[in-house]
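Remarks on the structure that follows.
Since we're looking at a predicted model, the values are computed, not measured.
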Amino acid sequence: MNQNKVRVRFAPSPTGYLHVGGLRTALYNYLFARKNNGVFILRIEDTDRNRYVEGAVENLIATLRWAGLDYDEGPHKGGDYGPYFQSERLEIYRKYAEQLLSEGTAYRCFCASERLEKMRKTQEKMKLSSKYDRTCLHLPESEIEKKLIDGDPYVIRMKIPENRIIKFYDIIRQDVEFSSELIDDQVLIKSDGYPTYHLANVVDDHLMKITHVIRGEEWLSSVPKHILLYEYFGWEVPNLAHLPLLLNPDKSKLSKRQGDVAVEDYKAKGYLKEALVNFVAFLGWNPGTTQELFDLNQLIEQFSLERVNKAGAVFNIEKLNWLNFEHLRKKTEAEVLNMLKDYLSQTEYKNLQLDDAYLLKVIEAMRARVTFIKDFVEKGKYFFEPPIIYDEEIVNKRWREETPEQLKRLSEFFSGLTNPTKEDYEVALHKTAQSLNIGNGKLIHAVRLAVSGVGGGPGLYDILNILGKDESIKRIENAINRIKL
RNA sequence: GGCGCUAUCGUCUAAGGGUUAGGACACCGCCCUCUCAAGGCGGUAAUACGGGUUCGAAUCCCGUUAGCGCUACCA
């Protein structure tokens, strides 16, 4: 059956940036579509003119593309069910609203928002659920005519039937039911002529032949209204899957106040898309195996809505960092080289003429020690410039009165070497230590401090080999002159 | 307040009537080692609470509690 072709949509409203929760919603839709040879649609829900943000759509699309989530139908791409901006579909919503109006399942409401607010407050005081009091439902036809002629602003509300239990099945939450008594006569068309989410999403999902609605849990309470709308129109309700929310460490809904929520923030901080995608995929889903590291294709292969959890998940940055470390390690040397060069070009070292061979050696030496590309520079600063300061703690620990004299001997030995290899440095150091009658460690730690300024890092001989003979000697002599006890 | 959803280590989660409740991150220890990492090995740590059902419950049912969501002419 052709109508079983899976079609899903990610339908964000363009409010400025892509929320990581939005990224996960988009990802699950994408994975579900790809897994089922379906179609992934991007639809822009820009029906709130008050929240319009310049450039938000372009940013959204660029961020999705960065994450690797390419859509099949949507802005700039077209498709048979456009337009894909809701703001360009106003006549469509209008037409369907008129239909409900004429069928009596919707009605015009001329109530001022001030009155509605008052009403709501009263209801709240009486501990009732807040619902429109249906004043305008009972307006005589003549009065409606008059108000229309007068040009009074109005909204169109849907009429919720009384005494109905609305049941539905959610792929993630199974059976859910609501009583229609608690449902408000929802506004479908605002007084500015724009539709509300509820009308627009039902109409579009139907017209765009969406088979599975995969979205955040915050929409669960609205489903009964949508079901009723499908029923009024005589349309089939798509399959529903309401995703658990992403939470702050204190379990509140993930928000800006407690850290970064925009995908762009993570991108700017140097997180790899592979890591971020892998991470958000696991917030609320798991493959049922012990595999933790996934690329996009593997996620597609193994994803299923049935394995999505019901409970909200805390966004745990530690694990994301670990995933970034792992995904960075999986990159080829050439890929890391490109990323490093790109990063360097944005730093104070952009004019340093470093050849690829040199950078490749740095990469090899630092790989097991970096979580982010920027760590190559932040943790291996000494590969890009001589130490400016020497870690005080390490000086106290490794530098002795006799150290300068010992290093002098060593640097003299180094001077006599021609084109030394890593092993040559090692032999030279061993021999010097022997002639000084001290342990190798004494020299090793002092040299490390002298050439790097810090106490940690790759093996000393690797560092010397990367820096080269002349630079190493220069740095040792520098340290002898500059480190004072 | 009303309605809905949810509830396993600190965090992400596995286990869908019978397990010493498993894995991962983080943390701690040991090994490796010139340091810092990485890696290997090991460890601390959980079924919110109370009732049922059952020979047997993390798992099924009910209640309580807590958290979250919705309760707009926002999505």
key: Side-chain N or O of Asn316(A) closer than 4.0 Å to phosphate OP1/OP2 of rC12(B)   = no
task = Tell me which of Gly288(A) and Leu220(A) sits closer to the 5' end of RNA chain B, going by the nucleotide each one is nearest to.
result = Leu220(A)
ask   = Base, sugar-phosphate, or nothing for Phe282(A), non-hydrogen atoms under 4.0 angstrom?
value = sugar-phosphate
message = Can you see if the side chain of Ser130(A) gets near the phosphate of rG2(B) - specifically, an N or O under 4.0 Å from OP1 or OP2?
response = no
query = What nucleic acid atoms does Arg367(A) come within less than 4.0 Å of, heavy atoms only: base, sugar-phosphate, or nothing?
reply = nothing
task = Please work out if Asn201(A) contacts a base, only the sugar-phosphate, or nothing of the nucleic acid, heavy-atom cut-off 4.0 Å.
result = nothing
query = Separation of Gln174(A) atom CD from rC60(B) atom P, in whole Å?
reply = 11 Å
ask   = Pick the nucleotide of RNA chain B nearest each of Thr196(A) and Glu177(A); which residue has the one closer to the 5' end?
value = Glu177(A)
ask   = What is the nucleic acid contact for Val155(A), judged by heavy atoms within less than 4.0 Å: base, sugar-phosphate only, or nothing?
value = base
query = Does the separation of the ring centres of Tyr28(A) and Phe10(A) fall below 6.0 angstrom?
reply = no
query = Picking from rG39(B), rC36(B), rC70(B), which would you name as closest to the side chain of Ser221(A)?
reply = rC70(B)
message = Whether Arg94(A) and Glu98(A) form a salt bridge (side-chain N of Lys/Arg under 4.0 Å from carboxylate O of Asp/Glu) is what I want to check.
response = yes
ask   = Expressed in whole Å, how much space separates the P atoms belonging to rU6(B) and rG63(B)?
value = 14 Å
key: rU54(B) - base-pair partner by Watson-Crick or wobble geometry, distances under 3.5 Å   = none
ask   = Just checking Leu245(A): base, sugar-phosphate only, or nothing, at a heavy-atom cut-off of under 4.0 Å?
value = sugar-phosphate
Nucleotide of rA38(B), rC12(B), rC73(B) approaching Val187(A) most closely (side-chain heavy atoms) = rC73(B)
query = Can we call the ring centroids of Phe110(A) and Tyr154(A) under 6.0 Å apart?
reply = yes
query = Has Lys310(A) got a side-chain N or O lying under 4.0 Å from the OP1 or OP2 atom of rU13(B)?
reply = no
query = rG69(B), rU6(B), rA26(B): which one has an atom nearest the side-chain heavy atoms of Arg173(A)?
reply = rU6(B)
message = Taking any heavy-atom pair under 4.0 Å as a contact, classify Thr47(A): base, sugar-phosphate, or nothing.
response = sugar-phosphate
remark   = Regarding the side chain of Lys190(A), the nearest nucleotide among rG39(B), rC3(B), rC73(B) is rC73(B)
key: Minimum-distance nucleotide to His445(A) side chain [options: rC74(B), rG4(B), rC34(B)]   = rC34(B)
query = Between rA24(B), rC34(B), rC74(B), which nucleotide has the shortest distance from any of its atoms to the side chain of Arg51(A)?
reply = rC74(B)
message = Looking at Asn309(A), I'd like to know whether one of its side-chain N or O atoms comes within less than 4.0 Å of OP1 or OP2 on rA14(B).
response = yes
ask   = Between Arg115(A) and Asp133(A), does at least one N-O distance fall below 4.0 Å, as a salt bridge requires?
value = yes
note = From the list Lys225(A), Met158(A), Arg134(A), side chain to side chain contact (heavy atoms under 4.5 Å, CB included) with Asp185(A) holds only for Arg134(A)
request  = Using the P atom as the reference point in each nucleotide, state the distance between rG23(B) and rG43(B) in Å, no decimals.
outcome  = 9 Å
request  = Could you tell me whether Lys167(A) and Asp175(A) make a salt bridge, using a distance below 4.0 angstrom between a side-chain N and a carboxylate O?
outcome  = no
key: Spacing of the P atoms in rA15(B) and rC9(B) (rounded, Å)   = 16 Å
query = If you look at every strand shown and take non-hydrogen atoms under 4.0 Å, does Pro14(A) touch a base, only sugar-phosphate, or nothing?
reply = nothing
inquiry  = Please name the nucleotide paired to rA7(B) by Watson-Crick or G-U wobble geometry with both distances under 3.5 Å, or report none.
reply    = rU65(B)
ask   = Which value, in whole Å, describes the distance between the C1' atoms of nucleotides rA38(B) and rU44(B)?
value = 24 Å
note = Regarding the side chain of Phe178(A), the nearest nucleotide among rC5(B), rG4(B), rC12(B) is rG4(B)
message = Just to be sure I understand the rule, does Gly459(A) reach a base, reach only the sugar-phosphate, or reach nothing, if contact means heavy atoms closer than 4.0 Å?
response = base
request  = Looking at every strand, decide which applies to Arg448(A) at a 4.0 Å heavy-atom threshold: base, sugar-phosphate, or nothing.
outcome  = base
ask   = Less than 4.0 Å between a side-chain N and a carboxylate O, is that true for Glu45(A) and Arg43(A)?
value = yes
ask   = Among rG23(B), rC73(B), rC5(B), which nucleotide sits nearest the side chain of Arg157(A)?
value = rC73(B)
inquiry  = Between the side chains of Lys319(A) and Glu292(A), is the shortest nitrogen-to-carboxylate-oxygen separation below 4.0 Å, so that they form an ion pair?
reply    = yes
ask   = When all nucleic acid strands are considered with a 4.0 Å heavy-atom cut-off, which category describes Glu292(A): base, sugar-phosphate, or nothing?
value = base
key: Between rU47(B) and rG10(B) - C1' atom distance, rounded Å   = 16 Å
ask   = Base, sugar-phosphate, or nothing for Gly455(A), non-hydrogen atoms under 4.0 angstrom?
value = base
ask   = Taking atom C1' of rC70(B) as reference, at what distance in whole Å does atom CZ of Arg215(A) sit?
value = 13 Å
message = Roughly how many Å apart are rA46(B) and rU20(B), using the C1' atom of each and rounding to a whole number?
response = 15 Å
message = Over all strands shown, is Ser13(A) touching base, sugar-phosphate only, or nothing at heavy-atom distances under 4.0 angstrom?
response = sugar-phosphate
query = Within the structure shown, what part of the strands sits under 4.0 Å from Pro153(A) by heavy-atom distance: base, sugar-phosphate, or nothing?
reply = nothing
request  = Using only side-chain N and O atoms of Lys251(A), determine if any of them is under 4.0 Å from OP1 or OP2 of rU6(B).
outcome  = no
key: rA14(B): pairing nucleotide in any strand, Watson-Crick or G-U under 3.5 angstrom   = none
request  = Go through rC5(B), rC34(B), rG39(B) for me and flag the one nearest to the Glu217(A) side chain.
outcome  = rC5(B)
ask   = Does Arg120(A) place a side-chain N or O at less than 4.0 Å from the phosphate oxygens OP1/OP2 of rA72(B)?
value = yes
query = On a whole-Å scale, what distance lies between the C1' atoms belonging to rG39(B) and rA57(B)?
reply = 41 Å
query = Mind checking whether Tyr390(A) and Trp399(A) have ring centres under 6.0 Å apart?
reply = no
C1' spacing across the pair rA45(B) / rA26(B), given as an integer number of angstrom = 12 Å
request  = Report the base-pairing partner of rU59(B) (Watson-Crick or G-U wobble, both distances below 3.5 angstrom), or none.
outcome  = none
remark   = Partner of rC27(B) under the Watson-Crick or G-U wobble criteria, both distances under 3.5 Å, comes out as rG43(B)
query = Is there a Watson-Crick or G-U wobble partner for rU33(B) with both distances under 3.5 Å, and if so, which one is it?
reply = none
message = What's the closest nucleotide to the side chain of Glu318(A) if the choices are rA75(B), rC12(B), rC25(B)?
response = rC25(B)
ask   = Parallel, tilted or perpendicular: which describes the rings of Tyr461(A) and His430(A), with under 30° parallel and over 60° perpendicular?
value = perpendicular
request  = Would you indicate what Asn440(A) reaches in the nucleic acid, counting non-hydrogen atoms under 4.0 angstrom: base, sugar-phosphate, or nothing?
outcome  = nothing
inquiry  = Which nucleotide, if any, forms a Watson-Crick or G-U wobble pair with rG1(B), using both distances under 3.5 Å?
reply    = rU71(B)
